[in-house]
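Throughout, numbering of the chain's residues begins at 1 and tracks the sequence. All values reported here derive from a predicted model rather than from experimental measurement.
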Amino acid sequence: MNNAYLIHSRPYNEKKQFQVLFTRENGMTSIAVGSKTVHHPFTKYIITSLPQKKTKRITHANSAPLIFSGKKLYCGLYLNELLYLFCKENADYPQLFDQYEITLSALNQAARIDPVLRQFELALIEEAGYAFYPDNVTKPYVTFCTQEGLIGHTAMVKDAISTQDLAKMRYAQFSSTAGKKFIKSILNQLLTRQTQSKFFYDSVLAH
């Protein structure tokens, strides 16, 4: 048995569809289900393996579904898109899975959404292998590159953020316009392709 969340669905033919699940132990897993089968995002499911058929199936829900609407719905879909683009099949992501659950719960309760998203984005960046701790940077400004991670600067340069803003975002769950832009630029470097959530960036979280 394995805990899983529905991340993405795509049709296969008139009778079948593929549902892509984010699991704690095996990363992304695709299962084939009937075209009329309905599973809900933001709901923890239990999936089991069927060794004789070399397949997996969802047996039951392990939690009540979280019902998002409006801005929170778009934010939840954005989280799912990040996972879909970042995670691989047959690779375990237990810490990212736990952070996803924490983020969904916080998103369900939070009045201020941006700081919640920044914490998940930072967790994903750290899952990619980058130590994102601003207290290791001794200079007042910082940039990022995939070869070296965080790089300190004595003066503001292109694509930089103040180390103080980065620390607030990392430790105090604070989000600023500069911080959002900084994290977005990092994700665009790390992901195999950019998120399709242009509406998310340009409209939903523009305020």
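Of the inter-residue distances, the one linking Asn3 atom CG with Thr23 atom OG1 reads 9.0 Å to the nearest 0.5 angstrom. Summarising the geometry, atom OG belonging to Ser176 is positioned 9.5 Å from atom CG belonging to Leu166; distances are rounded to the nearest 0.5 Å. Distance check: Leu66 CG to Leu107 CG gives 8.5 Å after rounding to the nearest 0.5 Å. In this structure, CG on Asn80 lies 7.5 Å from CG on Leu104, to the nearest 0.5 angstrom. Atom-to-atom distance recorded for Ser185:OG and Lys158:NZ is 10.5 Å, nearest 0.5 angstrom. Glu127 CD to Phe120 CZ: the interatomic distance, rounded to the nearest 0.5 Å, is 9.5 Å.
Among the candidates Asp114, Val116, Ile113, Thr103, the single residue satisfying the side chain to side chain contact (heavy atoms under 4.5 Å, CB included) test with Cys75 is Ile113.
Counting only heavy atoms from C-beta outward, the side chains of Leu122 and Ile183 approach each other to under 4.5 Å. Contact check for Tyr100 versus Leu82: no side-chain heavy atoms found under the 4.5 Å cut-off. For the pair Leu150/Thr163, no side-chain contact is recorded, criterion being any heavy-atom separation below 4.5 Å from C-beta on. At least one side-chain heavy atom of Pro65 sits under 4.5 Å from a side-chain heavy atom of Ile67. Side-chain contact check for Cys87 versus Leu96: some heavy-atom pair is nearer than 4.5 Å. Proximity of Phe42 to Asn108: side-chain heavy atoms (C-beta onward) are nowhere separated by under 4.5 Å. The shortest distance between side-chain heavy atoms of Ser9 and His39 does not fall below 4.5 Å. Counting heavy atoms from C-beta on, the side chains of Met28 and Phe86 never come closer than 4.5 Å.
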Verdict with reasoning, Glu101 to Arg24, per salt bridge (Lys or Arg N to Asp or Glu O under 4.0 Å) | CA-CA 11 Å; Glu101 292 196 307; Arg24 196 174 194 278; over 6 Å; no

Apply side-chain contact (heavy atoms from CB on, under 4.5 Å) to the pair Asp135 and Arg170, showing each step before the final yes or no.
-> CA-CA 10 Å; Asp135 44 354; Arg170 181 64 178 82; over 6 Å; no

Quick one: do Lys168 and Ser162 satisfy side-chain contact (heavy atoms from CB on, under 4.5 Å)? Show the steps, please.
-> CA-CA 10 Å; Lys168 288 180 180 179; Ser162 74; over 6 Å; no

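A donor-acceptor pair under 3.5 Å is formed between the side chain of Gln17 and the backbone N or O of Thr37. The main-chain N or O of Met169 is found under 3.5 Å from a side-chain atom of Gln119 such that the two form a donor-acceptor pair. In this structure a side-chain-to-backbone donor-acceptor pair under 3.5 Å is missing from Lys88 to Gly27. Panel note: side chain Thr143, backbone Asp159; no donor-acceptor pair is recorded below 3.5 Å. Side-chain atoms of Ser175 never come within 3.5 Å of backbone atoms of Pro115 as a donor-acceptor pair (strictly under, hydrogens ignored). Checked by atom type and distance alone, the side chain of Ser35 pairs as donor or acceptor with a backbone atom of Glu14 at under 3.5 Å. Counting only distance, with no hydrogens or angles, the side chain of Tyr45 and the backbone of His40 share a donor-acceptor pair below 3.5 Å.
A pairwise comparison of heavy atoms in Ala155 and Tyr141 identifies C-CD1, 3.4 Å as the closest pair. Ala128 approaches Leu190 most closely through the heavy-atom pair CB-CD1, 4.1 Å. In this structure, Pro134 and Ala167 approach most closely via the heavy-atom pair CG-CA, 3.5 Å.
Within a 6.0 Å radius of OH in Tyr171, other residues, nucleotides and ligands contribute more than 12 heavy atoms. Heavy-atom contacts from other residues, nucleotides or ligands closer than 6.0 Å to CD of Gln189 number more than 12. Counting heavy-atom neighbours within 6.0 Å of Arg112 CZ, excluding the residue itself, gives a total of 12 or less.
Aromatic ring orientation, Tyr93 versus Phe22: tilted (interplanar angle from 30° to 60°). Ring pair Tyr84/His8 is tilted by interplanar angle, where 30° to 60° counts as tilted. By the 30° and 60° cut-offs, the orientation of the rings of Phe144 relative to Tyr130 is perpendicular.
Using modelled atom types, one finds a donor on one side chain and an acceptor on the other under 3.5 Å when comparing Ser105 with Gln109.
Val142 and Ile151 fall into different hydrophobic clusters, defined by Ile, Leu, Val, Met, Phe, Trp and Tyr side-chain heavy atoms under 4.5 Å apart, directly or through other members. Phe182 and Phe174 fall into different hydrophobic clusters, where Ile, Leu, Val, Met, Phe, Trp and Tyr residues are linked whenever their side-chain heavy atoms come under 4.5 Å apart, directly or through other members.
Remark: Glu121 does not engage Lys180 in a salt bridge, criterion side-chain N to carboxylate O under 4.0 Å.
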